[in-house]
**Q** 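Pasting a structure here, questions to come.
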Protein chains: 2
Amino acid sequence: MDKKTEIKRNTQQRQLITECVQVLKHPTAEDVWQCVSKKLPNVNKTTIYRNLKRMVDEEELLSFVTGEGITHFDSTLDRHYHLYCKKCGGITDTHAELLDQLTKAVQDSEKFQIEEQNLILTGACPKCQNNDPK
Amino acid sequence: MDKKTEIKRNTQQRQLITECVQVLKHPTAEDVWQCVSKKLPNVNKTTIYRNLKRMVDEEELLSFVTGEGITHFDSTLDRHYHLYCKKCGGITDTHAELLDQLTKAVQDSEKFQIEEQNLILTGACPKCQNNDPK
DNA sequence: CTAGATGCAAACGTTTTGCAAATCT
DNA sequence: AGATTTGCAAAACGTTTGCATCTAG
């Protein structure tokens, strides 16, 4: 009764969107649009938005927002969090063990029932620390 | 050379904005506008946005974005993170010890130099768990 | 054949910008 | 007085919606 068993068509657009999210790793809607456009020059952004939204609703993708307020999509579904490099804009996944510990602790001490964890650590990735020795 | 030593005027609007952020705890720009409007009915939203932005730039306030993509402002500057209740929309501060541990671990293992931590745990606060026994 | 998906244009909400008028200091 | 800040209107931005057309099943 929770998940709708909706008919889903396998359109070219949808296939490409899925593909692009996987390849691009942590794209924005704009990124996906540009990527899909390469193979299908007339895709409309609306289609991108509609599909991404639906995929998030149906839990095929997850989305998160960086400190700058930009929404990114992620095809990695296991719980993890993100390292966001301010300099190059790169986003790296990190595993969730420590975050899980933290969440459990909060759950116990605050009696807060946690459903989603959204952690973004922002800073400078190893590459940018070296390349930009300011 | 980093922080600008700009002239800052003590306008009525700015005072009220500061006041409202403190009182409201984790307001959105809209919240602040409504709050300031009570005492100064003709404030323009632009003024709210401009001041909030500047305060964040000058590190008098910090801002964060919930999973829904809504920007909130916070006058508590010490490192801490937020519990966001999906049902009532309430936001609670939590202390940062565990998050600090996590951050240190990431810093060491990933060689990622972390400047900002942004953690939002979303779920149901104690009140809403009880009041809404679904 | 037909429900569901797309493309387009227009609406939307939030935030930003340009400029003249008002206001702190 | 003079520079900063405000208010207003308009633009910008990312996203959503309505609707006619197209298409996968």
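Below, chain A is the first sequence line, B the second, and so on; all start at residue 1.
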**Q** Report yes or no: do B:Gln13 and B:Thr47 form a side-chain donor-acceptor pair below 3.5 Å?
**A**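 No.
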
**Q** Can you tell me if A:Gln129 uses its side chain to pair, donor with acceptor, with the backbone of B:Lys111 under 3.5 Å?
**A**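 Such a contact is found between A:Gln129 side chain and B:Lys111 backbone.
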
**Q** Do the non-hydrogen side-chain atoms of A:Glu115 and B:Thr122 ever get within less than 4.5 Å of each other?
**A**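 Heavy-atom side-chain distance check fails, nothing below 4.5 Å.
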
**Q** Are any side-chain N or O atoms of B:Gln22 and backbone N or O atoms of B:Ser75, one a donor and one an acceptor, separated by less than 3.5 Å?
**A**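 Flag not set: sc B:Gln22 to bb B:Ser75 has no pair under 3.5 Å.
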
**Q** Is there a side-chain polar atom (N or O) of A:Asn44 under 4.0 Å from OP1 or OP2 of C:dT6?
**A**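 Negative; the distance criterion is not met.
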
**Q** Atom CG of A:Asn51 to atom C1' of D:dT15: distance rounded to whole Å?
**A**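 Taking CG of A:Asn51 and C1' of D:dT15, I get 14 Å after rounding.
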
**Q** Using a 4.0 Å cut-off on protein heavy atoms (strictly under), produce a 5'-to-3' string for nucleotides 16-25 of chain D with B for base contact, S for backbone-only sugar-phosphate contact, and - for none.
**A** BBB----BBS

**Q** Residues of residues 13-30 of chain B with any non-hydrogen atom less than 4.0 angstrom from an atom of DNA chain D: list those, numerically ordered, please.
**A**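 Listed by number, they are B:Gln13, B:Arg14.
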
**Q** Using whole Å, what does the distance between atom C1' of nucleotide D:dT15 and atom CD of B:Glu68 come to?
**A**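 About 15 Å, once rounded to whole Å.
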
**Q** Walk me through whether B:Arg54 and B:Glu60 qualify under salt bridge (Lys or Arg N to Asp or Glu O under 4.0 Å).
**A** CA-CA 9 Å; B:Arg54 181 167 180 184; B:Glu60 291 171 37; over 6 Å; no

**Q** Take the protein atom CD1 of A:Ile70 and the nucleotide atom P of D:dG14, then report the distance between them rounded to whole Å.
**A**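 Rounding to the nearest Å, CD1 of A:Ile70 and P of D:dG14 are 8 Å apart.
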
**Q** Inspect the surroundings of NZ in A:Lys45 and state if more than 12 heavy atoms from other residues, nucleotides or ligands are less than 6.0 Å away.
**A**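 Yes, enclosed.
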
**Q** Between D:dT4 atom P and B:Glu58 atom CD, what is the distance in whole Å?
**A**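 Rounding to the nearest Å, CD of B:Glu58 and P of D:dT4 are 13 Å apart.
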
**Q** Quickly work out the A:Arg54 CZ to D:dT15 C1' distance and round it to whole Å.
**A**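 Value for this atom pair: 18 Å.
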
**Q** Rounded to the nearest Å, what distance is computed from the CG atom of residue B:Leu40 to the C1' atom of nucleotide C:dT23?
**A**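 So the CG-C1' distance, B:Leu40 to C:dT23, works out to 13 Å.
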
**Q** Please tell me whether B:Asp31 and B:Thr28 have a donor and an acceptor in their side chains that are separated by less than 3.5 angstrom.
**A**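 A pair is found: one side chain offers a donor N or O, the other an acceptor, under 3.5 Å apart.
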
**Q** Is the phosphate of C:dT6 approached by A:Thr47 (side-chain N or O, under 4.0 Å from OP1 or OP2)?
**A**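 The answer is no; no side-chain N or O of A:Thr47 sits under 4.0 Å from OP1 or OP2.
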
**Q** Please check if the side chain of A:Gln113 supplies one atom and the backbone of B:Ala124 the other of a donor-acceptor pair under 3.5 Å.
**A**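 Not a single qualifying donor-acceptor pair exists.
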
**Q** Looking at B:Glu68 and B:Lys86, does any basic side-chain N land under 4.0 Å from a carboxylate oxygen?
**A**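 Salt bridge: no.
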
**Q** Establish, with yes or no, whether the OP1 or OP2 oxygen of C:dT15 is under 4.0 angstrom from a side-chain nitrogen or oxygen of B:Thr71.
**A**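 Answer is yes, contact under 4.0 Å.
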
